[in-house]
Amino acid sequence: MSRAFTRETANDEDEEEGAEPALRLPQGTRNYITPGGHARIRAELEQLLRVERPQVVSVVQWAASNGDRSENADYIYGKRRLREIDRRIRFLTKRLDQAEIVDPARRANTKQVFFGATVTICDEQGLENTYQIVGVDETDSARGRISWVSPLARALLKSHAGDSVRFQSPAGWREVEVLNVAYLSIEP
């Protein structure tokens, strides 16, 4: 039987299409997201639906009208790109449907670490780093945004300024001290 007619995994419908392993939600958890992250995902979805997909569809239609499709690179690439766009649209739509928006600004009066907190920590070498705890779809290590399901964020949750927390990192067990906890709005 051709591979085109077989499933790659047993639970194809349940698999999160287009999700990198780091972006997969743990089974049975909610998809928490900040308002800024929700706006970014919605903007990407709108861009795909309103701009990119219609452009690719018009290229595929033009290429199909040229005749022989078997050696038509515009047609073949366009169809492949259209499948990628449709897969991403399904993934983003599913993520938005499952999203539970949590506004960090509503927690401004607490000094305990929860979702949306901006936390400054100090490690064993005395290096200070600041991280924002955000949803899995919002992670950006260059901007200091870590997923709430990451080992560091899990260890930091419910801690206070002055607490020491231990967590398992890829390099082994580490201990960090929480220096400051703040709740800032996260820009889209």
Side-chain angles (χ1 to χ4, degrees), residues 11 14-49 84 87-188:
N11 59 350
D14 296 336
E15 186 177 322
E16 294 178 345
E17 292 184 54
E20 298 174 22
L23 295 179
R24 293 200 177 126
L25 287 169
Q27 191 70 21
T29 60
R30 295 184 177 169
N31 184 21
Y32 295 114
I33 192 166
T34 63
H38 190 268
R40 276 192 303 278
I41 291 174
R42 178 149 315 280
E44 181 184 353
L45 180 61
E46 291 298 316
Q47 170 73 12
L48 289 171
L49 287 170
E84 291 169 358
R87 184 178 307 117
R88 185 70 180 164
I89 288 170
R90 282 191 307 272
F91 172 75
L92 294 175
T93 302
K94 184 177 176 182
R95 284 293 225 219
L96 287 173
D97 289 345
Q98 296 173 344
E100 187 169 324
I101 301 171
V102 178
D103 190 357
R106 292 183 176 220
R107 293 228 184 235
N109 296 333
T110 184
K111 290 297 179 185
Q112 192 172 7
V113 179
F114 292 108
F115 179 86
T118 301
V119 184
T120 303
I121 60 171
C122 181
D123 64 11
E124 296 100 349
Q125 290 79 31
L127 296 173
E128 289 186 17
N129 289 308
T130 301
Y131 298 102
Q132 292 174 319
I133 300 175
V134 296
V136 294
D137 298 315
E138 304 174 80
T139 58
D140 183 356
S141 59
R143 297 176 82 181
R145 294 179 179 169
I146 61 173
S147 166
W148 67 274
V149 297
S150 70
L152 175 57
R154 290 257 186 194
L156 290 171
L157 289 174
K158 297 186 180 178
S159 64
H160 296 82
D163 289 352
S164 290
V165 296
R166 284 180 44 99
F167 68 100
Q168 178 74 38
S169 75
W173 283 97
R174 294 185 53 204
E175 186 168 332
V176 296
E177 181 183 353
V178 179
L179 299 178
N180 187 36
V181 179
Y183 289 89
L184 312 169
S185 62
I186 299 174
E187 299 298 318

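What you see is a predicted model; the values in this text were computed from it and never measured.
- Looking at every heavy atom in both residues, P35 comes nearest to P104 through CD-CD, 4.1 Å.
- For Y131 (side chain) and I121 (main-chain N/O), no donor-acceptor pair under 3.5 Å exists by modelled atom type.
- Rounding to the nearest 0.5 Å places CG of L45 at 6.0 Å from CG of L96.
- A161 approaches L179 most closely through the heavy-atom pair CB-O, 3.7 Å.
- Y32 and W148 have perpendicular rings, their planes meeting at more than 60° on a 0 to 90° scale where under 30° would count as parallel.
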Practice item. Please report the C-alpha distance between F115 and T34 in whole Å, then the side-chain angles of each, then the deciding distance to 0.1 Å, and finally whether the side chain to side chain contact (heavy atoms under 4.5 Å, CB included) criterion is met. Key: CA-CA 9 Å; F115 179 86; T34 63; 3.8 Å; yes
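- For the side chain to side chain donor-acceptor pair (under 3.5 Å) test, residues two or more places apart in sequence or in another chain that qualify with E44 are R88.
- Without hydrogens or angle criteria, E124 side chain to R174 main chain gives no donor-acceptor distance under 3.5 Å.
- A donor-acceptor pair is defined here as one N or O able to donate and one able to accept, closer than 3.5 Å; no such pair exists between the side chain of T93 and the backbone of R90.
- Take Q168 and apply the side chain to side chain donor-acceptor pair (under 3.5 Å) test, not counting sequence neighbours, and it matches W173.
- V176 is listed as a side-chain neighbour of L152, based on a closest heavy-atom distance under 4.5 Å.
- A pairwise comparison of heavy atoms in V134 and R145 identifies CG2-CB, 3.8 Å as the closest pair.
- For E46, the side chain to side chain donor-acceptor pair (under 3.5 Å) criterion is met by R50, not counting sequence neighbours.
- Distance alone, capped at 3.5 Å, is enough to place a donor-acceptor pair between the N31 side chain and the R95 backbone.
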